[in-house]
Enquirer: 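Below: one structure in C-alpha cells.
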Amino acid sequence: MRHGSIMRVLYLVSLFSLLLDIYAYHGVKTWVSGWKSVRRKKIALSSYLVFFTGASILFLAGISFSTQYLTRFQEWALSLFLTFLITKLFFIIVLLLGDIVRFFWGILRGLFKPKPASGEPFFPSRRRFIAEAGILLAAVPFTGFFYAMFKGKYDFRLHEVTLYFDELPASFDGFTITQLSDFHSGSFDNMSAVTRGIEIAKAQQSDLFVFTGDLVNNMAWEVEPYISLFSQLKAPYGQFSILGNHDYGDYARWDNPEQKAANFEKIKQNHQTLGYRLMLNENTVIRKGPDQLALIGVENWGRGFIQVGDIDKALEGVDKNAFKILLSHDPTHWEEKIRYHPTTIHLTLSGHTHGAQFGIESDKLRWSPVQGRYLDWAGLANEKDRYLYVNRGFGFLAFSGRLGIWPEITRLTLRKT
C-alpha cells in the first residue's frame, strides 16, 4: 500500500473515532447523571473530552507531521489512540445493545399499549446501569493496554525448547543456541529495561548466539546507543545474524537512492561492530570435536515483503548429508520454500511476526490476530521432521506495548535420539 493510501485510511479512522466520541459522550453523561456533585460531573465529562477526544486529535497531529520515518512520538500517539479507541468501542458496544433494546421496546409499547401520556418520550430513557456496565467492560482493555505500554513491552520471557534429531552429530548432543530477534532498537525508550533483557540472554551461556533480523526500524543510527550493550552477547561458537525486512530501509522516505544505500551499508557495518557475523545468502561450518554442522543464513524473503533471500545460493558448498540450521527472518519463507526444498534443512529459526504483540497463550487457548496472516506465528512448527521455531521478538514496533505475547529470549537445546 502506498504512503498516500495509508494516510487516507488513517485520516478516515481518526474521523470515525471523533464521530464515535459524540455517541460515547452521551453515554458518559448517562453514567454521571445520578451523581449529586455538579463539580464531579463536569470533571468526568471534561476528562473524557481531554483524554479520549484528545487522543484522536494527537494522533491526527502525529500522522500529519511529515517525517522521513516513524518517530517515537508517532508511535506513542498511535499507541494512545488505539488504547482509547478500543476502550471506546467496548463502551459503545454495551450502549448500542442497550439502545437497540430501548428501540424495540418503544416500538412494541407503541403497538400494544395505549399512547404515552403527554410529554412522556416514545422510547424509554437510557438506563444508568447500562452505562455503568459499559464502563466496567471498557475498563478491561483500558487497563490492559496501559499495562502493555508501561510494563508489558519489557516483560521479557525465557522460552526453553529441546529438539530431538536422529541426524544430529554425536558431538552436538546437548548443544545450546540462544536466539534473539526483532530488536527494533529505534522503538526502545528504557535503557535499564533493555539491559535486563540482555542480561537474561547472557545468563543462558549458550554455545551459539543467533540474531534473526530487524536490528532497527529503519535507520542505521537507531542501534548505535545500544551497541555496547548488544555487543556483550557472546558465545564460544560465535555470534551470527541476518537481515530482516526493516533493515533495508523500505519504510522510510529517502531524498535519493544513494542515501538509502548508504544507510543500508551502515546497518551491515553495525552488525560487524556488534561482533555478529552477518550472513547474506551464505553458509559456514560449526565444528565441535570430530563433528560439524552447517549454519546457513539468508537475506529477507517474505510473502508480501522484500524477497532477496536465495536459499539455493546459501546452500552452495554445503554437504547434502550435513545437519543444517537455517536463519531466515520471515516464517513464510519456511512455509513456502524450506519445508518443501529438495535439500533437508533440519531446523529453521525465524522471527518477524512479533505475535502481533497482542494475544493469548495458555495451555488451552492460543490466539493472536496475526494468525489470520501467518500459519506459523510463534513457537515451534514441524513438517516431516523439518522444524521451524518462530521467536516472538525482543522489541516492539508501531504499538509501543505488548499484551499476552511477551518479548522473548529463546534457548534451544539440540539432542540426539
Enquirer: Determine the interplanar angle of the Phe183 and Phe230 rings, folded into 0 to 90°, and report it as parallel if under 30°, tilted if 30 to 60°, perpendicular if over 60°.
Expert: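 If you compare the ring of Phe183 with that of Phe230, the planes turn out parallel.
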
Enquirer: When you look at Phe305 and Asp250, which way does the side chain to side chain contact (heavy atoms under 4.5 Å, CB included) test go after all the steps?
Expert: CA-CA 10 Å; Phe305 293 92; Asp250 289 342; over 6 Å; no

Enquirer: Got more than 12 heavy atoms from elsewhere within 6.0 Å of CD, Glu199?
Expert: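 Enclosed.
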
Enquirer: With no hydrogens and no angle check, is any side-chain donor or acceptor of Arg386 less than 3.5 Å from a backbone partner on Trp334?
Expert: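 Side chain of Arg386 to backbone of Trp334, a donor-acceptor pair under 3.5 Å: no, none is there.
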
Enquirer: Go through the side-chain N and O atoms of Ser187 and Glu75 and say whether any donor and acceptor fall under 3.5 Å apart.
Expert: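 Short answer, yes.
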
Enquirer: With sequence neighbours excluded, give me every salt bridge (Lys or Arg N to Asp or Glu O under 4.0 Å) pair touching residues 362-371.
Expert: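 Listed by first then second residue: Glu361-Arg366.
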
Enquirer: In chain order, what residues pass the side chain to side chain donor-acceptor pair (under 3.5 Å) check against Arg157, with sequence neighbours excluded?
Expert: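 Listed in chain order: Asp155.
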
Enquirer: Can any side-chain N or O of Tyr389 pair as donor or acceptor with the backbone N or O of Leu412 at less than 3.5 Å?
Expert: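 Answer holds: no.
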
Enquirer: Which side-chain hydrogen bond (donor to acceptor under 3.5 Å, both in side chains) pairs, counting each pair once, include a residue from residues 307-317, with sequence neighbours left out?
Expert: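 Counting only pairs at least two positions apart or across chains, the side-chain hydrogen bond (donor to acceptor under 3.5 Å, both in side chains) contacts touching residues 307-317 are Asp312-His341.
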
Enquirer: Applying ring-ring contact (aromatic ring centres under 6.0 Å, His included), name anything that partners Phe399, two or more places apart in sequence or on another chain.
Expert: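 Scan of Phe399 (ring-ring contact (aromatic ring centres under 6.0 Å, His included), adjacent residues dropped) gives Phe145.
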
Enquirer: Side chains of residues 89-101: which donor-acceptor pairs under 3.5 Å do they make with residues two or more places apart or in other chains?
Expert:
from, atom 1, to, atom 2, distance (Å)
Asp99, OD1, Arg102, NH1, 2.6
Asp99, OD1, Arg126, NE, 3.2
Asp99, OD1, Arg126, NH2, 3.4
Asp99, OD2, Tyr23, OH, 2.4
Asp99, OD2, Arg126, NH2, 2.6

Enquirer: For residues Leu80 and Phe146, determine if any side-chain heavy atom of one lies less than 4.5 Å from a side-chain heavy atom of the other.
Expert: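 Sidechains of Phe146 and Leu80: in contact.
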
Enquirer: Can you pull out every side-chain hydrogen bond (donor to acceptor under 3.5 Å, both in side chains) where at least one residue sits in residues 218-238? Sequence neighbours excluded, please.
Expert: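 Every side-chain hydrogen bond (donor to acceptor under 3.5 Å, both in side chains) pair that includes a residue of residues 218-238, provided the two are not neighbours, is Lys202-Gln232.
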
Enquirer: When you look at Asp247 and Lys268, which way does the salt bridge (charged side-chain N to carboxylate O under 4.0 Å, His left out) test go after all the steps?
Expert: CA-CA 9 Å; Asp247 296 318; Lys268 291 190 285 186; over 6 Å; no

Enquirer: Going by distance alone, is a donor N or O of one side chain under 3.5 Å from an acceptor N or O of the other, for Ser171 and Asp291?
Expert: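 Checked: Ser171/Asp291 side chains pair up, N/O donor to acceptor below 3.5 Å.
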
Enquirer: Could you give all pairs that pass the ring pair (Phe, Tyr, Trp, His ring centres under 6.0 Å) test and reach residues 308-332, with sequence neighbours left out?
Expert: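 As it turns out, the ring pair (Phe, Tyr, Trp, His ring centres under 6.0 Å) pairs with a partner in residues 308-332, which skip direct neighbours, are Phe165-Phe323, Phe323-His346, His329-His352.
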
Enquirer: State which residues pass ring-ring contact (aromatic ring centres under 6.0 Å, His included) with Phe59; sequence neighbours excluded, sorted by chain then number.
Expert: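 With neighbours one apart ignored, the set is Phe81.
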
Enquirer: Main chain of Glu299, side chain of Asn281: is a donor-acceptor contact present, judged purely on distance under 3.5 Å?
Expert: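 At least one qualifying donor-acceptor pair exists.
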
Enquirer: Tell me, please, which residues at least two apart from Trp406 pass ring-ring contact (aromatic ring centres under 6.0 Å, His included).
Expert: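 Scan of Trp406 (ring-ring contact (aromatic ring centres under 6.0 Å, His included), adjacent residues dropped) gives none.
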
Enquirer: Would you call the rings of Phe142 and Phe84 parallel, tilted or perpendicular, where under 30° means parallel and over 60° means perpendicular?
Expert: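 Taking Phe84 first and then Phe142, their aromatic rings sit tilted (interplane angle of 30° to 60°).
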
Enquirer: I'd like to know if the side chain of Asp207 reaches the main chain of Ala235, judged simply by a donor and an acceptor atom lying under 3.5 Å from each other, with no hydrogens or angles considered.
Expert: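 The answer is no, because no donor-acceptor pair under 3.5 Å joins these two groups.
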
Enquirer: Give every residue pair that meets the salt bridge (Lys or Arg N to Asp or Glu O under 4.0 Å) criterion with at least one member in residues 128-137, sequence neighbours excluded.
Expert: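 Passing the test, one end in residues 128-137: Arg128-Glu132.
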
Enquirer: Does a donor on one side chain and an acceptor on the other come within less than 3.5 Å for Ser400 and Ser79?
Expert: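 Judged by distance alone, the side chains do not pair up.
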
Enquirer: Output every pair passing salt bridge (Lys or Arg N to Asp or Glu O under 4.0 Å) with a member in residues 334-348, not counting sequence neighbours, ordered by first then second residue.
Expert: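 Qualifying pairs: Arg303-Glu335, Arg303-Glu336, Arg339-Glu383.
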
Enquirer: Could you go through residues 44-54 and list every donor-acceptor pair under 3.5 Å that involves a side-chain atom there, pairing it with any protein atom two or more places apart or in another chain?
Expert:
from, atom 1, to, atom 2, distance (Å)
Ser46, OG, Lys42, O, 2.8
Ser47, OG, Ile43, O, 2.7
Tyr48, OH, Asp21, OD1, 2.6
Thr53, OG1, Asp21, OD2, 3.3

Enquirer: Would Thr410 and Glu408 count as having a side-chain donor-acceptor pair, cut-off 3.5 Å?
Expert: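 A donor-acceptor contact under 3.5 Å links the two side chains.
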
Enquirer: Report yes or no: do His184 and Asn217 form a side-chain donor-acceptor pair below 3.5 Å?
Expert: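 Checked: His184/Asn217 side chains pair up, N/O donor to acceptor below 3.5 Å.
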
Enquirer: So, the side chain of Gln204 versus the backbone of Ile200: is there a donor-acceptor pair under 3.5 Å, distance only?
Expert: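 Judged by distance alone, yes, a pair lies under 3.5 Å.
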
Enquirer: Would you say the rings of Tyr69 and Tyr251 are close, in the sense that their centroids are separated by under 6.0 Å?
Expert: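 No, the ring centres sit 6.0 Å or more apart.
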
